[in-house]
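Okay, structure first, notes after.
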Amino acid sequence: MRVLLHVCCAPCSIHPSQELLKDKSGHVTGFFYNPNIHPAGEYEKRRAALIEYSKNAHFDVVFDKYEPEVFFSKIGIRTQAPERCKLCWQMRLEKTAESAKAGGFDAFTSTLLVSPYQDQEEIIRIGSECGGKFGVEFISADFRGGFREAQEEAKARALYRQKYCGCVFSEKERSEKRCRK
């Protein structure tokens with residue numbers, strides 16, 4: 001089975017890629033499509049960390065264009081979580097499903113499913129909907145069990161680990177929480 005794995009960042013790719021690669025009859029390709037990441041310097045740090053990890057983990061990654069205007073256009077004035085997040089997940093999973101179909105992959109999934117901070121049920125709903133739209137299976141695996149170990153592995157490998165989801169609004173929310181303490 002050929003699987004296209006949407007990757008949000010290197011640390012979150014560790015456990016899902018390892019799980020998907022356990023079945024030696026399959027092949028996993030990463031897909032880095034994240035127009036939500038802001039600023040551009042943050043995007044480049046995450047991209048560089050993924051390049052480093054993927055070389056050591058022996059899995060290929062396709063890097064799509066960085067187009068933050070696509071993210072801002074998609075969310076419009078809906079800047080509050082969770083509405084903003086749902087639109088962002090939909091945008092990235094739809095692009096992944098479309099790319100999986102175009103690339104002849106059997107299925108796709110996302111590293112978003114490893115995070116205990118994301119709405120797994122909503123991501124699965126959106127992923128399944130996108131898979132149906134493009135005729136590609138969405139793998140709705142619960143990768144959260146490997147989140148902490150993957151974070152420790154990322155530390156040990158000295159991979160860049162970000163402190164926020166990616167968009168300017170999630171960084172603002174994180175900053176506001178720190179200020180209230």
Side-chain angles (χ1 to χ4, degrees), residues 5-17 30-54 61 63-97 99 108-130 138 140-155 157-181:
L5 173 64
H6 167 260
V7 177
C8 61
C9 64
C12 287
S13 73
I14 293 172
H15 180 68
S17 65
F31 182 64
F32 191 73
Y33 176 69
N34 298 290
N36 59 305
I37 299 174
H38 190 81
E42 178 70 20
Y43 178 88
E44 288 304 321
K45 287 178 188 175
R46 294 182 192 204
R47 185 180 187 280
L50 181 58
I51 289 169
E52 180 183 338
Y53 174 70
S54 66
V61 179
F63 293 88
D64 207 80
K65 290 182 258 176
Y66 177 54
E67 301 171 311
E69 63 276 8
V70 172
F71 168 72
F72 290 114
S73 175
K74 179 72 175 179
I75 67 163
I77 62 169
R78 297 168 303 249
T79 61
Q80 299 299 310
E83 186 180 11
R84 166 193 85 232
C85 303
K86 290 176 185 180
L87 292 168
C88 183
W89 297 329
Q90 193 271 332
M91 170 190 66
R92 293 186 286 160
L93 292 174
E94 186 170 293
K95 179 75 167 189
T96 306
S99 297
F108 76 104
T109 190
S110 177
T111 61
L112 294 168
L113 294 172
V114 77
S115 175
Y117 306 109
Q118 306 292 341
D119 183 342
Q120 182 138 35
E121 288 179 19
E122 187 65 16
I123 292 167
I124 290 169
R125 185 193 67 72
I126 293 168
S128 297
E129 188 177 277
C130 292
F138 178 70
S140 60
D142 184 349
F143 295 120
R144 292 176 293 187
F147 178 77
R148 297 281 174 231
E149 288 127 1
Q151 291 299 310
E152 290 304 315
E153 186 175 334
K155 272 188 209 175
R157 290 175 179 253
L159 292 173
Y160 174 70
R161 294 180 318 121
Q162 66 282 350
K163 295 180 177 15
Y164 64 103
C165 183
C167 78
V168 65
F169 305 107
S170 66
E171 169 59 0
K172 180 179 180 268
E173 290 164 358
R174 183 183 75 85
S175 213
E176 288 171 349
K177 284 180 188 173
R178 275 197 334 256
C179 289
R180 281 181 262 186
K181 289 183 180 180

- Query: Which value, rounded to the nearest 0.5 Å, describes the distance between T109 atom OG1 and F138 atom CZ?
  - Reply: 4.5 Å
- Query: Is the backbone N or O of A154 less than 3.5 Å from a side-chain atom of Y53, with the two atoms forming a donor-acceptor pair by type?
  - Reply: no
- Message: Show me the pairs that pass side-chain hydrogen bond (donor to acceptor under 3.5 Å, both in side chains) and involve residues 31-44, at least two apart or across chains.
- Response: H6-N34, N34-R92, E42-R46, E42-Y160
- Query: Between E171 and R174, is there a salt bridge with N-O shorter than 4.0 Å?
  - Reply: yes
- With sequence neighbours excluded, what pairs up with R148 under the salt bridge (Lys or Arg N to Asp or Glu O under 4.0 Å) test? none
- Check L93 against I123 and note the closest heavy-atom contact, atom names and distance. CD1-O, 3.8 Å
- Item | salt bridge (Lys or Arg N to Asp or Glu O under 4.0 Å) partners for R84, two or more places apart | E173
- Message: Applying salt bridge (Lys or Arg N to Asp or Glu O under 4.0 Å), can you list everything that pairs with K95, at least two apart in sequence or on another chain?
- Response: D64
- May I ask you to test the S13-L50 pair for a side-chain heavy-atom distance under 4.5 Å? yes
- Query: Side chains of V61 and I51: closer than 4.5 Å at any heavy-atom pair?
  - Reply: no
- Query: Can you name the residues that form a side chain to side chain donor-acceptor pair (under 3.5 Å) with K172, not counting sequence neighbours?
  - Reply: E176
- Item | Which residues share a salt bridge (Lys or Arg N to Asp or Glu O under 4.0 Å) with E122, sequence neighbours left out | R125
